[in-house]
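Worksheet for the structure shown next.
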Amino acid sequence: MSAETSIPPPRIDQAELPDAVTSLLTDSPIGFALLGPDDTFGTINKRMADLLGRTPAQCLGRAPTTLLEEAEEPGHAAAYRDSLTSARENGQAVRDRHHTRDDQVWDLTWFPVTEPRSGDRHVALIAARDHDGAVAEREEQRLRALLEAGNQIVWTAGPGGEFREDCPRWRAITGQEPEAFLGHGWLDALHPDDRCRVERAWGDAVLDVTPFDAMFRLRTRSGGYDHFRARAHPIMEGAETAEWVGTLVDITTEREALELRQRLNQQLSEAAMRTARLQKATSDLAEALTADEVVHAMADIGRSGVGAHHTSVVLLDRDRSRLRVMAAGQSHDLPRRAFSLNHPDVAALAVAGGRAVLADGPAGLRELLEGAPEADELVGSTPERAWAALPMMVGGRPIGALRFAFSAPREVGEEERVFLEALAGQCALAIGRAMLYEREHGTAEELQRSLLPEELPEVEGVNLTAFYRSGSQHVQVGGDWYDAFPLPDGRVAGVLGDVMGKGIPAAAGMSRIRNALRALAFSMPEPADVLTGLDRMFAATEGMDQVTTLVYFVLDPVTGQLDLSNAGHLPPLLVGNAGPSLLETDPDTPLGVSSERGHHKFFVQPGNTVALYSDGLVENRKRSVDAGLDELVHVASEAPPEVVGDPQQMLEYLVERMLEGYEQDDDVTLLAVQLPVIDSAPER
C-alpha cells in the first residue's frame with residue numbers, strides 16, 4: 001500500500017465525525033494529528049496534544065516545531081522539522097522516536113496524504129507508545145492462544161535444529177519426559193516407518209534454511225499412533241538463523257476422512273467396472289441365440305469378468321427333476337455331467353433354494369454339503385477350490401443355475417455376489433431366448449419383433465403407427481428397425497434404419513445403434529447432432545463392412561415443424577390431400593462415413609402423414625430402387641380418402657399394392673407419423 005493516501009478535509013467539527021473517528025481522536029491510546037500545507041495542526045487528538053504538553057485547542061493552527069521551541073525542547077523541534085520536511089519532499093513515510101521527560105518512548109510515523117477535492121498536500125502524524133517489549137510479549141501470548149485454540153501446538157528449536165525449550169503439550173500427547181524430548185529425542189516418539197524420512201527432511205530444512213513441512217504418525221500415551229502435520233520456518237538475524245518456530249497439528253480426523261473417501265472412490269470405481277462388465281456381458285449374450293452359444297459366451301465372461309477357472313450352465317430337464325451340466329472349452333470336466341436335484345452340489349442347492357450358494361474353500365464346501373463324500377470327490381478330481389452358484393430364473397421359476405469355480409480359495413463379498421446374481425439374470429434371459437429359438441422354427445420373426453418396440457408411445461397431437469413383415473425364409477434375423485419416443489421438450493422423435501445383412505451381426509448392430517440413438521436424442525435431440533454422434537459411435541464399435549442407413553426426424557405437434565436428417569436412406573413419403581410426394585434432400589452418406597450431416601426443415605399440415613420405409617418395400621430382384629420410388633408415389637396417389645386419413649390403413653395399403661405380383665425376399669418395415677385434423681368445437 002502506498003504511504004500517500006487521500007483523506008477528508010482536516011478542519012471538521014468533531015460532532016460531524018463518525019463514532020469510530022471520534023473515538024480515534026478522543027479515546028484512542030494512539031496519538032493522531034493532521035498538519036496542513038502550512039505545517040500547522042489542522043486536526044489533533046488529546047493523546048498527541050499531551051505528548052506536546054498542550055491541549056488540542058492550544059495546538060490547532062500552530063506548528064509542532066513552534067510549540068516544542070516554546071517548551072524549550074530544541075532537539076525535538078529539530079527532529080520534528082526534519083521528519084516533516086522529509087515526508088513532504090520524498091512522499092514516503094518517515095519513522096522517528098520521541099522521548100518524554102518522564103522517560104516514556106513514543107514511536108512516531110509521518111506520512112503524506114492528499115486532500116481529494118483541492119489536491120492540497122498534508123502530513124499525518126501518528127504516535128504509538130513503546131512499552132519496552134510488553135506489547136510484543138502480549139502479541140506473542142495472543143498468537144499462542146489463537147494457535148492452541150485452533151488445535152495447533154507451537155514449538156521452537158535452536159538454529160541447528162535441536163529442541164532447547166520444553167513443549168508440555170507435545171509431552172502430554174506422547175508421554176515423553178523433558179530429558180527424553182529435548183535435543184533430537186522428539187524423533188523417538190515417531191512411528192518407526194516414518195522416523196528416517198522425517199529426520200532426513202528436518203535435517204535438510206535446517207541445513208538449507210528452508211521451510212519444513214512433514215506428516216507422520218506420532219505415538220500417543222495409549223500406545224497407539226495418531227497422524228500429525230508439523231511445519232516450521234526459520235527466524236533470521238541478518239544472514240544467520242536465530243531459531244526455528246513451528247506448529248504441530250493433529251490431522252487424524254482428516255486422514256481418516258481421506259482414507260474413507262479413497263475407499264469410497266475405490267468402491268465406486270469397482271462398481272463402475274462391474275457395471276461395464278455387466279454391459280459387456282449383456283452385449284455378448286445378446287448375440288448368442290443357441291444354448292451352446294450362451295455357454296461359450298458365459299465361459300468367456302467367467303474368465304475375463306469374474307476370474308473364474310471354470311464356468312458352467314446347469315439346466316433343469318423337462319420334468320424338472322434332474323440337472324444337466326453344460327460347459328464349453330473348460331480345462332477340466334466335472335465328476336458328473338448330470339445329476340438329480342437332491343444331489344449334494346452347489347448348483348443343485350442354488351436351484352432348490354432359489355438363492356446364491358457360496359463356498360470360499362474346501363472346508364466351506366464340506367460344511368455346506370454336510371460332509372457328503374461328493375465334496376472330497378470334487379476337490380480330489382478337479383483343481384476347483386472355491387465355488388459360487390446362482391439360480392437362473394425365468395418368469396419367477398428356476399430353469400437352472402450359473403456355476404463359477406475358482407482355482408484358489410476365495411471369499412465373495414456382498415457387492416460381488418450382487419454382480420454375480422445380475423450375471424445369472426442375464427444368462428437366464430439368454431438361455432430362455434435360446435430355448436425358444438431351438439424349439440420353434442419361427443423364432444426369426446419373434447426375435448426380430450423382440451428387438452423392436454413392443455408398442456409405440458401415445459403422444460398428444462400425433463398419431464404413430466408401424467408395420468413390419470419378415471422376409472426371411474429361414475431362422476435368420478434381419479437388420480431393419482424402427483423406433484419412436486417423446487422428447488422432454490414435447491416433440492416426438494422417430495427413426496427407421498437398415499443394417500445391411502442378416503443374422504446375429506445385423507441384429508446386434510441394430511440393437512447397439514438403436515440404444516445409442518436414444519441416448520443421444522435425449523441429450524442433444526436435433527437430427528444433425530444425433531447422426532454426428534452416431535458416426536463417432538459407429539466408427540468405434542462397428543465394422544466398416546456393416547453398412548447402415550437411417551432417417552431420423554423430430555416433429556413438433558404444435559407447429560408441425562419436422563426437422564430431419566438422412567444418413568444414406570430412402571427419402572420419406574409425404575401423403576396428404578394435396579397429393580403424395582417424396583421429401584427429397586441432398587444425398588448423404590451411411591453411418592460411419594465421415595461427412596457433415598445435413599439438417600432439413602419441413603412443415604407437416606394437419607391431416608398429412610409422413611411415412612418412413614425400408615428398401616424391401618420398393619426394391620426386389622425385378623424392380624430397381626428408382627423404379628420402386630416412382631411406383632410408390634403413384635400407388636400413394638391412388639389411395640382412397642379414407643385410407644389417406646388413417647395412417648395404419650395407409651401403411652397396409654402401400655405394402656399390399658407395392659408387393660403385389662412380386663416375391664418378397666427382404667424384410668419390409670414402415671413407420672408413419674400423422675398430424676390429425678382437430679375438429680373445432682361448435683359455437684354455442
Side-chain angles (χ1 to χ4, degrees), residues 133-271 413:
V135 173
E137 181 180 354
R138 187 179 303 112
E139 289 300 321
E140 181 182 352
Q141 292 172 349
R142 290 171 179 170
L143 177 60
R144 285 180 176 269
L146 287 173
L147 291 173
E148 291 175 2
N151 197 31
Q152 298 189 55
I153 300 173
V154 180
W155 54 269
T156 61
E162 71 286 354
F163 281 43
R164 300 185 298 191
E165 296 181 11
D166 190 15
C167 185
R169 293 194 65 197
W170 170 284
R171 294 192 297 100
I173 295 171
T174 63
Q176 286 183 301
E177 295 297 328
E179 60 272 12
F181 163 76
L182 295 176
H184 294 281
W186 62 276
L187 291 166
D188 296 336
L190 272 59
H191 191 285
D193 294 341
D194 297 339
R195 172 172 177 148
C196 291
R197 171 178 55 82
V198 175
E199 185 175 13
R200 183 169 55 252
W202 177 234
D204 291 343
V206 171
L207 182 63
D208 299 334
V209 194
T210 55
F212 170 72
D213 189 344
M215 289 183 286
F216 49 81
R217 289 162 289 180
L218 192 62
R219 186 181 63 246
T220 64
R221 283 179 174 271
S222 63
Y225 286 90
D226 286 345
H227 291 271
F228 285 81
R229 181 174 188 175
R231 296 178 178 175
H233 284 265
I235 304 299
M236 307 300 294
E237 287 185 357
E240 300 296 327
T241 305
E243 64 175 350
W244 289 81
V245 177
T247 60
L248 184 73
V249 183
D250 188 339
I251 60 170
T252 303
T253 302
E254 290 82 351
R255 284 297 298 264
E256 291 175 348
L258 176 61
E259 292 172 358
L260 177 59
R261 286 196 299 271
Q262 290 173 341
R263 287 197 298 271
L264 290 175
N265 287 337
Q266 182 179 359
Q267 292 172 0
L268 290 173
S269 177
E270 292 173 353

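Since we're looking at a predicted model, the values are computed, not measured.
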Scan the side chains in residues 210-219 for donor-acceptor partners under 3.5 Å anywhere in the protein, sequence neighbours excluded, and list what turns up.
| from | atom 1 | to | atom 2 | distance (Å) |
| --- | --- | --- | --- | --- |
| Asp213 | OD1 | Arg229 | NE | 2.9 |
| Asp213 | OD1 | Arg229 | NH2 | 3.4 |
| Asp213 | OD2 | Arg229 | NH2 | 2.6 |
| Arg217 | NE | Asp194 | OD2 | 2.9 |
| Arg217 | NH2 | Asp194 | OD1 | 3.0 |
| Arg219 | NH1 | Asp188 | O | 3.3 |

Legend entry - Point-to-point distance, once rounded to the nearest 0.5 Å, from CZ of Arg221 to OG1 of Thr174: 7.5 Å
Inset, instruction - Return yes if some donor-acceptor pair links the side-chain N/O of Thr252 with the main-chain N/O of His227 below 3.5 Å, else return no. - result: yes
Legend entry - Leu190 to Trp170 - nearest heavy-atom pair and separation: CD1-CH2, 4.3 Å
Inset, instruction - Compare every heavy atom of Thr241 with every heavy atom of Pro234, then report the nearest pair and how far apart it is. - result: CB-CG2, 4.2 Å
Legend entry - Distance (rounded to the nearest 0.5 Å) between Leu187 CG and Glu199 CD: 5.0 Å
Legend entry - Atom pair CD/OG1 of Glu243 and Thr156 - distance to nearest 0.5 Å: 5.5 Å
Legend entry - From CA spacing to verdict: side chain to side chain contact (heavy atoms under 4.5 Å, CB included), Val209, Met236: CA-CA 9 Å; Val209 194; Met236 307 300 294; 3.7 Å; yes
Inset, instruction - To the nearest 0.5 Å, tell me how far Trp186 CH2 sits from Arg195 CZ. - result: 9.0 Å
Legend entry - Beyond-backbone contact of Asp226 with Ile173, side-chain heavy atoms, under 4.5 angstrom: no
Inset, instruction - Can you measure from CD (Glu240) to CD1 (Ile235) and round to the nearest 0.5 angstrom? - result: 14.5 Å
Inset, instruction - Hey, could you give me the CD1/CZ distance between Ile251 and Phe228, rounded to the nearest 0.5 Å? - result: 9.0 Å
Legend entry - For Gly161 against Trp202, the heavy-atom pair lying closest together: O-NE1, 3.0 Å
Legend entry - Closest non-hydrogen atom pair, Trp244 against Gly158: CD1-O, 3.2 Å
Inset, instruction - State, to 0.1 Å, how close Arg164 and Pro159 come at their nearest heavy-atom pair, and which atoms those are. - result: NH2-CD, 3.6 Å
Legend entry - Heavy-atom pair with the smallest gap, counting every atom of Glu165 and Phe181: O-CE2, 3.5 Å
